[in-house]
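To find a chain, count down the sequence lines: A is the first, B the second, and so on, and within it residues start at 1.
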Amino acid sequence: MANDVNTVVVNLAGRIDSNNANDVEKDILLKLEQKDNYAVILNAKNLEYISSAGLRVILRVKKSHPDLKITEVSTEVYDILEMTGFTEMMTVEKAYRVVSVEGCEEIGRGANGTIYRIDQDNVVKVYNNADALADIQHEREVARLALILGIPTAISYDVVKVGESYGSVFELLNARSFSKILSTEPERFDWCVKEYVNMLKKIHSTIVPDGKLPDMRETVLEWANFMQDYLPEDKAKKLLALVNEVPYDNHMIHGDYHTKNLELQNGEVLLIDMDTLAIGHPIFELASMYNSFIGFSETNHEIIKKFQGFDFETGKAFWRASLSMYLGTDDEKKIEEVENKARIIGYIRLIRRSIRRKGLETAESRKEIEYWKSELLELLDSTDTLLFSTNELQVEAVKENLPTVLSFIEEHLEENGCYPKDRMQIAIAAEEIFVNIANYAYAPKSGKATVRVEVSKDPIRVIITFMDNGKPFDPTKKSDPDITLSADERDIGGLGIFMTKKMMDNVVYEYKDGKNILTIEKILK
Amino acid sequence: MTYPKKIDLHMHTVISDGTDTPSEIIEKVKEKGIELFSVTDHDAVKSSALVKQLLKKGDPAFVPGVEFSCKDSEGRYHILGYNYDIDAKPITQLVNTGHNYRIEKLRKRLDFLESEFSFTFGKQDIDALFSLDNPGKPHIGNIMVKYGYAKTKEDAINNYINRFHSKNEYVKPDDAIKSILLSNGIPVLAHPVYGRGDELILGEDLVYRIKKLISFGLMGVEAFYSGFTSKLQNEVLSLAEEYNLLVTAGSDYHGKNKMVTLGDTNLNSEENYPQSLKRFIDMVYNKK
C-alpha cells in the first residue's frame, strides 16, 4: 500500500526478540514522532519470527496509536498473533498467497468478479476491483450471515493475490453450475427449474435482521431518480411513483440470481456469489433475473451464449418456466403481467448502466438505449403497480396470523370469480386446518406454516395445500364424531376435520420430507 | 471497604534496571494518581526499604516488593515477593546470594571481553561496576561505549557481550518462594505467560508451571499486566480462579528503559475488581 497522507508504514523484518526488541521499538517510535494522528501500519512482509518481547513492543505501539494495523503477516507469525489474542485487538491482515488463473476454467461470472476453478477441489473468485479487500471482507460477512440464516452457500477460507487483483478461495468439490447442466444435459431442464425455484423461494422467505444487508429499494429508487432526465416528465413521475409504492421488505434477495450462481455439489444445491445480497421486495429480484436471461441479450442473442453457455431460446424458456413455478400459475396472462413489472426495473437498470459505461456516443449504444426506452415507455403506460402476489404464503403458525391466511386465500378466490357460498366453506375449512397447525404442530414451541392456493379452470377447481414441519399428524385419521350427541358430550377437535371433509370434495394427508402436507380440494359448480 | 482506584504493583528503579530514583518514582506515582503501589527491583529489596523511609503521611499506600529472576531445569520465572518483613533474614540472604551470582557473572563477562576482544577498562570503572547494586549488560555496554569499543550500548550488548555463554548460577524458584514465605511475604508469579524475555507459555505448559510453583507455595499470579492482551489476561484470571490464587496488577515500568507507562496495568478501575485481587489488597492492608 502506498504511503497515504495520513498513514505511516513501518516495515518489520527478520526476527524480533529480546535481543533487538528495544531497537525495533526505538525505530518505530522515531518514525512515529509527531505523527500522533496518523494511521499506523506495521508491514510484516519480511518478518520471520516474533517473540513475546516483540509482541510487547507491538502492544505498546498499539496503546499510543489505537488504530494500528499489521499487514502481510506470514502464517507462522499470524498463528502467534492469534494464539495471544492480538488478532482480536487489532486488524491483522495475512500475507496473500499468489495464485495464477492462467488456463483455468471460468465457471462463473458476476457483477464484481469472475470465478475460476484452480484445482479439483477449489475455486477462486477474482474481483474486478483492484483494491478489492473491502469487497472480499463484505462478501465473507454476508455469506456467513446467509449460512446462519439457513441458505446453503460456500464460504471463502482464504484470500489470495491474483495478478494485480485479489481473489477469494472457496472449496467447491466436483461442483457443476446450473448453466453447465442446462447446456450439456438439456433433459434435466425441468429438474433445474424446480431446484432453481426452490432455492429462490427459500431466499425470499428468509427474514434478515435489521441493518445486516443493504436495502435494494434504495438502489432502485436511485435508478429511478437517474432516469428522470431521460424520460418525458409524466413518465418519469410515474416511474418514481411505482417504485415508491413498493413497500419496505426485510426478506432476503440475492441480487444476481442466475444459473451460473447456483452450483450442484454432491447432490446439494449451493448458492454462490453472495456479494450482491440485499433485502427487498421480490420484484427487484425478478428484474435482475429477467436481465440475466433476457434483458442483457435482447438486442444481441450471442451475449447469453457467451455468458451462460446456453442459447437465448433456452434462457428465455428457463426464465418463463421458473417464473410460472415461482408464481404458482400456468396462466400466461398472469405470468406476462409480472414479467412486465420486472422488465420496468430491468430496463431502467440497463439504460442507466449503458449510459454510465458507454455514454450516448456510439451508434450501437444509442440504438440499444432507444430500444429499451421505447419498451419502457410502453410498459409504463400499461402498468399500474409493481406489486404482485404469489400463490404461496409462509407465516408463523400462530392464531394471530389466521386473518392473514384467510385474506390471502380470499384474494385468490376473488380473482377467479368464486361464489360467496363456496368462498365461505373454503374459509371455514382453512380456518380449521390452520388453527389445528397453530395449536398442535409445534407445541409447545412455534414454527412456520406454508399455505399454497392453486386454482384451475374448466371446471374451476381450488386446491389449497397446508404444509408444516411439525410433529407428524394425520387429521384425516381422526374418527368422525358422533353428531347425534349433545354439544357437551362430543369430543373436542374431531368436528373440525369432519366438517372439512363434508364441505370439500377431497382431503388428502401426506407426510413427506419431514413435512405434514394436507391438501383440500373443491370443485366449484 | 473501598478499594484503591488505581494500582501498580510492578515497577523498577535505578536500584535495578529502571531509570528513576526511589524519590523520583514516588513523585511519579503521586502524579499518576496511583493509590496503592509497590517497587519491585530485580533481586533487590533496598529500594523498597528506601521508599518506605521516604514516604510521608498522606502519600499513596505502599507495599514492599521484589522480583527474583529464577531458573530451574524447566525454564525461567520471574517471582514477585510482596509485603515481606524488610529486615527478615531469609529474603536478605537470598538477595545476597543473587547479588553474588551477578557479581560472579560480571567477573566472567569482563574476563571474556578481555580474552576474546582485548577490551580492558580502568580500575575506577571496574570498581564502579562492582559497587552497583545490580550490575548488568547495560552497565558494561555504557562503559564500552565510553572507551570506544562499541558505537552504542545496543551494539556492545548484541555484538560483544551476548557472545559470552556460560552456565550461570541462578536462584531456584522454590528457594525464592520459600524465602518470601519465611519472611512473611506473598509470592506471586509475574506475567505468567511470558516466562522471561522471549518465552511464551500458554495452555497446558502454563498450567503445569503454575501447579509446580503452587506446590512450592506460590500464592498469586500477576493477571493484570501492561503487556497482556485481553485474551492473555483472561487466561491467567481463569487459572487464578481454578487454583484459588491471589491476583495482582502491575505495569513493569522501567523509566526510560522501556516504553511502559507507569500505572498501565490493563486493570479497569470502573469495573468491580475480581475477588482474587480484592483478597490480595485486603491482605496487604490488614498487615499494616
Quiz item: Side-chain contact, heavy-atom cut-off 4.5 Å: B:Tyr225 with A:Arg56?
Solution: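 SC-SC contact between B:Tyr225 and A:Arg56 confirmed.
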Practice problem: For the residue pair A:Met83 and B:Lys231, establish whether any side-chain heavy-atom pair is separated by less than 4.5 Å. | Solution: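 A side-chain contact under 4.5 Å is absent here.
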Within 6.0 Å of [atom1] in [X], more than 12 heavy atoms from elsewhere:
X: B:Lys151; atom1: NZ; result: no
X: B:Lys6; atom1: NZ; result: yes
X: A:Asp210; atom1: CG; result: no
X: B:Glu241; atom1: CD; result: no
X: A:Lys45; atom1: NZ; result: no
X: A:Lys161; atom1: NZ; result: yes

Quiz item: Side chain, backbone, both or neither: which part of A:Asn22 has a non-hydrogen atom closer than 4.5 Å to chain B?
Solution: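 Side chain only.
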Practice problem: Identify which part of A:Ile16 has an atom lying under 4.5 Å from any heavy atom of chain B, answering side chain, backbone, both or neither. | Solution: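 No part of it gets close to chain B.
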Quiz item: Of the listed residues (A:Ile50, A:Asp23, A:Asn20), which shares the most heavy-atom pairs with chain B below a 4.5 Å separation?
Solution: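 The candidate making the most pairs under 4.5 Å is A:Asp23.
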Quiz item: Given the options A:Met89, A:Glu25, A:Glu88, which has more heavy-atom pairs under 4.5 Å with chain B than any of the others?
Solution: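 Going by pairs under 4.5 Å, I would pick A:Glu25.
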Quiz prompt | Where A:Ser52 and B:Glu199 come nearest, the two heavy atoms and their spacing | solution =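 That closest heavy-atom pairing would be OG-O, 3.1 Å.
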Practice problem: Work out which heavy atom in A:Asn19 is nearest to a heavy atom in B:Asn158; give both atom names and the distance. | Solution: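 So the two residues come closest at O-OD1, 3.2 Å.
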Quiz prompt | Contact origin within B:Val260 toward chain A - heavy atom pairs under 4.5 Å | solution =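 For B:Val260, heavy atoms of backbone and side chain both lie under 4.5 Å from chain A.
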Exercise. Could you list which of residues 261-272 of chain B have a heavy atom closer than 4.5 Å to any heavy atom of chain A, in residue-number order?
Key: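 Hits under 4.5 Å: B:Asp264, B:Asn266.
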Spacing of [atom1] belonging to [X] relative to [atom2] belonging to [Y], to within rounding of 0.5 Å:
X: A:Ser51; Y: B:Tyr194; atom1: OG; atom2: OH; value: 9.5 Å
X: B:Leu200; Y: A:Leu55; atom1: CG; atom2: CG; value: 6.5 Å
X: A:Thr84; Y: B:Glu235; atom1: OG1; atom2: CD; value: 10.5 Å

Quiz prompt | Per-residue contacts, residues 57-65 of chain A versus chain B, heavy atoms under 4.5 Å | solution =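 So far as heavy atoms go, A:Leu59, A:Arg60, A:Lys63 are the residues that approach chain B to under 4.5 Å.
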